[in-house]
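First comes the structure, then the notes that go with it.
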Amino acid sequence: MTGRFYVTTPIYYVNGAPHIGHAYTSIAADIVARFNRLAGKDVFFLTGTDEHGQKVEQAAQAAGEEPQAFTDRISADFRAVADAMDISYDDFIRTTDPRHKAGAQALWEKVAANGDIYLGAYEGWYALRDEAFYGEDEITTRADGTKVAPSGAPVEWMREPSYFFRLSAYQDRLLELYETHPEFIGPAGRRNEIVSFVKQGLRDLSVSRTSFRWGVPVPGDADHVMYVWFDALANYLTALGYPDANAPRMAFWPASLHMVGKDIARFHTVYWPAFLMAAGIDLPHMVFSNGWWTVEGEKMSKSLGNVIDPRDLVAEFGLDPVRFFLMREVPFGGDSDVSRRSLINRMNVELANDLGNLGQRTLSLIARNCGGALPAQAARTEADNHLLGQAAILPDVMTQQIGRVALTDALEEVWKLIRACNAYIDHQAPWALKKTDPERMAAVLRVLADALRVIATVLQPYMPGSMDRMLTQLGAEAGERSFAALETPLPAGRILPKPEGIFPRFVEPEIGDAK
RNA sequence: GGCGGCGUAGCUCAGCGGUAGAGCAGGGGAAUCAUAAUCCCUUGGUCGGCGGUUCAAAUCCGUCCGCCGCUACCA
């Protein structure tokens, strides 16, 4: 069951510093990428940064830097976070890359050639002071009749020449897409919102600006630069070498999965497929949007000063516990809260107690009673078969769940097996068999080692570093860690390294005041 | 305002027509291989309120209350 799999994160806007939300989306995409590699797929995993627009231009100015120098710096910071979180991306695209600019322009020309881009005028309430347009609902009228933006800046009705994309022409085709491919938008709740949005009727979309220069020039009209979405969304194609149909990476198109934050779900499920239809390009298979994180019950915001840099969490708790926590805490797709208490609790209960301790007790029994070598498989009891049967179907069960991006549910399946292993070892009591029936003891420990191997194998995408260590301790060599390799038992007698704890309990360094 | 979702044990949630479930937290017990970890048993809910359909409703319908999401150019 091989094949290609192309998964993307959003390209992150370099307007602000990377925070836990960015890391969350990237980790989710990383898990899907790693899981598909384990399943034998040829995977291409893309991440990157979105670097154009007026806000960046202004932020650079505020920082006293040239836009390019500014974006170089912030983009590098996003890349550093991706590396710190062990995101296994194959390429990092920047919208300031020459390859991207050329590709975005090619896409524009293709859509224009199809007759879906025309010159018009963008109108709206404009605040000169903010250099920004505001929506009707954001404008308040003062007692003296003047209209002002939320910032308090006076606004006036402005017209700016702009190219438009004929989005209105795609309403029916988009609805048909949602109808015939319900899996295109995930999770399901998000799909309902998008469908009702499109049913309300679509207006043409302004896709260029003349009010700032920091962007991709519109082909054939140097007065305009592309406005955010046409530029940004194109990255998923330009990274593959578009418009060169013969570029080796183009074989990965169409994308299997665009992982996005819920704030940009609409752009990926309405604008993007419409652009692609206009360009005669195949559509991605799925756009899955995740929710927001709150911190200790409060919304993350600069003004509250509670914005979390994921690197700080990693520094204190370690990378894999953080990756695990973010995927485990709540059903993927919804909003959730990160708090010290919940993080430490997950870490100690599920990683240290359930999984870490299971590995440690099993491996130290083998080390002490089996000469430190992997025991042979032996005749199995009903209990053995039950446990191993549960383990054997785990990769398939998880494949189903990862396929619908049910990343939390997939983890729950693993933990069912871990709990079953803890019950099994207690009921079998190999430490007692040691005196009464050493052969059976060895058989029991081998059953546990085999179950643990499955557990560690399927958890690799979630916790690559820790599971690498666990597999090493279980005697699984580099070529013995894929789903396919699970078909072949490890040879009996293989010498195992000395067991070492993988998930230490987290103890608060100091007694702090609760809450 | 319109559309949609949610409201089930102290907490986070699953169940979505047939005598209320899981994990965590709480209580009791067992064991002692292990990271004082584990295992077994257990307390606990009139499934938001009120009506209706049905032999039977967390589960379907109506209504009310309370939260939340979406409602286009803001990532």
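Naming convention: chains lettered A, B, ... in sequence-line order (proteins, then strands); numbering from 1 in each chain. Just so you know, these numbers come straight off a predicted model, no measurement behind them.
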Quiz item: Counting any heavy atom closer than 4.0 Å, what does Ile11(A) reach on the DNA or RNA strands: base, sugar-phosphate only, or nothing?
Solution: base

Quiz item: Which atoms form the tightest heavy-atom contact between His224(A) and Pro161(A), and what is the distance?
Solution: CE1-O, 3.3 Å

Practice problem: Assign Ile194(A) to base, sugar-phosphate, or nothing according to its heavy-atom contacts below 4.0 angstrom with the strands shown. | Solution: nothing

Quiz item: With sugar-phosphate meaning primed atoms plus P, OP1 and OP2, does Asp231(A) contact a base, only sugar-phosphate, or nothing at under 4.0 Å between heavy atoms?
Solution: nothing

Quiz item: Checking all strands, does Gly356(A) fall into the base, sugar-phosphate, or nothing category for heavy-atom contacts under 4.0 angstrom?
Solution: base

Quiz item: Using a cut-off of 4.0 Å on non-hydrogen atoms, how would the nucleic acid contact of Ser206(A) be classed: base, sugar-phosphate, or nothing?
Solution: base

Practice problem: Determine the minimum heavy-atom distance between Ile74(A) and Gly16(A), stating which atoms define it. | Solution: CG2-O, 3.9 Å

Quiz item: At under 4.0 Å between heavy atoms, what does Asn345(A) touch on the DNA or RNA strands: base, sugar-phosphate, or nothing?
Solution: sugar-phosphate

Quiz item: Taking a pair as Watson-Crick or G-U wobble with both distances under 3.5 Å, which nucleotide is matched to G1(B)?
Solution: U71(B)

Quiz item: With sugar-phosphate meaning primed atoms plus P, OP1 and OP2, does Trp415(A) contact a base, only sugar-phosphate, or nothing at under 4.0 Å between heavy atoms?
Solution: nothing

Exercise. Could you tell me whether Leu167(A) contacts a base, only the sugar-phosphate backbone, or nothing, with contacts defined as non-hydrogen atoms closer than 4.0 Å?
Key: base

Quiz item: When the C1' atoms of C50(B) and G44(B) are considered, how many whole Å apart are they?
Solution: 26 Å

Practice problem: Have a look at Leu205(A) and say if it touches a base, only the backbone sugar-phosphate, or nothing, with a 4.0 Å heavy-atom cut-off. | Solution: base

Quiz item: Base, sugar-phosphate, or nothing for Lys199(A), non-hydrogen atoms under 4.0 angstrom?
Solution: nothing

Quiz prompt | Lys/Arg N to Asp/Glu carboxylate O, Arg446(A) vs Asp384(A), below 4.0 Å | solution = no

Practice problem: Using a heavy-atom cut-off of under 4.0 Å over every strand shown, decide if Asp354(A) touches base, sugar-phosphate, or nothing. | Solution: sugar-phosphate

Quiz item: Just checking Gly21(A): base, sugar-phosphate only, or nothing, at a heavy-atom cut-off of under 4.0 Å?
Solution: nothing

Quiz item: From the list C40(B), G23(B), U35(B), which nucleotide is the closest neighbour of the side chain of His427(A)?
Solution: C40(B)

Quiz item: So what does Arg266(A) touch, heavy atoms closer than 4.0 Å: a base, only the sugar-phosphate, or nothing?
Solution: base

Quiz item: At under 4.0 Å between heavy atoms, what does Ala352(A) touch on the DNA or RNA strands: base, sugar-phosphate, or nothing?
Solution: base

Quiz item: Between Arg191(A) and Tyr178(A), is NZ or CZ placed under 6.0 angstrom from the six-membered ring centre and within 45° of the ring axis?
Solution: no

Quiz item: Going by modelled atom types, is there a donor-acceptor pair between the base of A37(B) and the side chain of Asn353(A) at under 3.5 Å?
Solution: no

